[in-house]
Protein chains: 2
Amino acid sequence: MATLRNPENTRLRILNAAFEEIHKHGFQGMRIDAVLKKTNLKKGALYHHFPSKQALGYAVFEEIIEKTIIELWINPLKNYDNPIEGFKAVFIEAGQSWDDEFFKQGCPLNNLSQEMTPIDEGFRQRIQAFFNLWRDAIANELSRGQQQGLIKKEIDVTEVARFIITASEGAHAQAKIAQNKQEYFSCGKQLAIYLDTLLA
Amino acid sequence: MATLRNPENTRLRILNAAFEEIHKHGFQGMRIDAVLKKTNLKKGALYHHFPSKQALGYAVFEEIIEKTIIELWINPLKNYDNPIEGFKAVFIEAGQSWDDEFFKQGCPLNNLSQEMTPIDEGFRQRIQAFFNLWRDAIANELSRGQQQGLIKKEIDVTEVARFIITASEGAHAQAKIAQNKQEYFSCGKQLAIYLDTLLA
DNA sequence: TTATAGACAAACTAGTTGGTCTGTGCTATT
DNA sequence: AATAGCACAGACCAACTAGTTTGTCTATAA
């Protein structure tokens, strides 16, 4: 409840509730009324903070989804000397941090990508830009590994980085379909086999 | 226009139009009215052939999406002695058979999976069963390759088959986001590197 | 203390959408 | 040739949903 009249907090409550609803039902399936019910707010409050459902969706993407992935998948890569081992560890650690319920609902980034990319150019541009950011971050780590003699010189780091992301997102997608966390780790084991071919 | 009163043809026209709309907008985004406009039919006709939007969706999945993937991705595997080479060829051939527009809209199976799996149990069961069918078909080919001494004995054929599908669907997903067919083939190249590790 | 703008409530609106209902002409069987 | 049922047409409806409008209360600055 906190103090009455706390606009920053209200905005965050809306953002979090909207994220949960989007995660459950997709952006199009997310209902404004569901967000209001969850936050005990009324229409006036929500449309005071966000001009439209679309703007709310963009804010959820930028302020929640992007930030979470940066914290969980991108920043930790720096903690490992060998980027190959780093990525394996991040993959496993991320998988362990979520419960089955989360896996059943899928990766929020993946969900939003597949749903909104073909029908909303604003979402598409943000999503594509973020995937490029992620890909370049991994590619940089791989280049560093190459310079340190840990990774084969002849690989195309950008293409490899893209494939690593693709396989990771695919693992989430399959786990979502099977409603089973194990499918994620099963894909991870095969991804690790691929990753080992990159070692010098 | 064909002859008046051709119920089988009418049913197929509805099915095809619904498939196109689902492919463009997702199942939830597919509008009954859009299907009617596309087929020049009225509500009465559609609801004569299908009891509900959901039933229409199930029929599209079973009679169009499943069949297409079986023809394009599963049956051709039998034409190759070495299943590894077979899968590489199928991946490329499938990619070449579609134009950019198709890639922008994504793999219909992948789309439907990610959209409907968490919110419709009927879809989920059908989709999961089909992925299992596909996985087992690939696993069988891999086993055959093992027996012929083409593929390493120690690999887990089921897990490998799952990863092959995952990577393929992931490649479609990335190409859809980038709106670019090349991303698909880029992922294919790295998948091929993985596949080669399976050779005896 | 008072004016002003921000933060929210609550009722209302207009458009959309899946589905229903009744009717009608065609077609095949007896 | 009569009749029954199939294959549709087309009007209608009820529920839903994003967004609007008007108004009220509160905090802050002058």
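Note on naming: letters A, B, ... go to the chains in the order of the sequence lines (proteins, then strands), and numbering restarts at 1 for each one. Everything numeric in this text was worked out from a predicted model, so none of it was measured.
In this entry the distance linking CE of M30(A) with C1' of dA18(D) reads 11 Å, nearest Å. One can place NE2 of H48(B) at 15 Å from P of dT20(C), the figure rounded to the nearest angstrom. The CZ-C1' distance, from F27(A) to dA18(D), rounds to 11 Å in whole Å. In this entry the distance linking NZ of K37(A) with P of dA10(C) reads 16 Å, nearest Å. Between the CG atom of D33(A) and the C1' atom of dA18(D) there is a distance of 9 Å, given to the nearest Å. If you take CZ of F50(B) and P of dC8(D), they are 12 Å apart, rounded to a whole angstrom. Distance NZ (K53(B)) to C1' (dT16(C)): 12 Å, rounded to an integer number of Å. When rounded to the nearest whole Å, the span between CG of L46(A) and C1' of dT20(D) equals 13 Å.
Remark on DNA chain C: of its neighbouring residues G29(B) and L41(A), the 5'-side contact belongs to L41(A), judged by nearest-heavy-atom nucleotide. The residue among Q28(A) and G44(A) whose nearest nucleotide of DNA chain D lies closer to the 5′ end is Q28(A).
Ion pairing of K181(A) with D99(A) is absent here, as no side-chain N (NZ or NE/NH1/NH2) approaches a carboxylate O to less than 4.0 Å.
Residue A45(A) has its side chain nearest to dA9(C) when only dA9(C), dT17(D), dG19(C) are considered. The side chain of K43(B) has dT20(C) as its nearest neighbour among dT20(C), dC8(D), dA7(C). Distances were taken from every side-chain heavy atom of K42(A) (C-beta onward) to each of dA9(C), dG18(C), dT17(D); the shortest belongs to dA9(C).
Considering only residues two or more places apart in sequence or on other chains, K38(A) meets the side chain to side chain donor-acceptor pair (under 3.5 Å) condition with E20(A), E21(A).
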Exercise answer: donor-acceptor pairs, residues 63-78 of chain A side-chain atoms, under 3.5 Å, sequence neighbours excluded:
residue: E63(A); atom: OE1; partner: R11(A); partner atom: NH2; Å: 3.0
residue: E63(A); atom: OE2; partner: R11(A); partner atom: NH2; Å: 2.4
residue: T68(A); atom: OG1; partner: I64(A); partner atom: O; Å: 2.7

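Distances shorter than 4.0 Å separate none of the side-chain N or O atoms of R31(A) from OP1 or OP2 on dC16(D). Between dA7(D) and T10(B), no contact under 4.0 Å exists linking OP1 or OP2 to a side-chain N or O. Residue H49(A) places at least one side-chain N or O under 4.0 Å from the OP1 or OP2 atom of dC8(C).
Looking at E159(A) and Q190(B), their side chains do bring a donor and an acceptor atom within 3.5 Å of each other.
Under a cutoff of 6.0 Å and an axis angle of 45°, K189(A) and F163(B) do not form a cation-pi pair.
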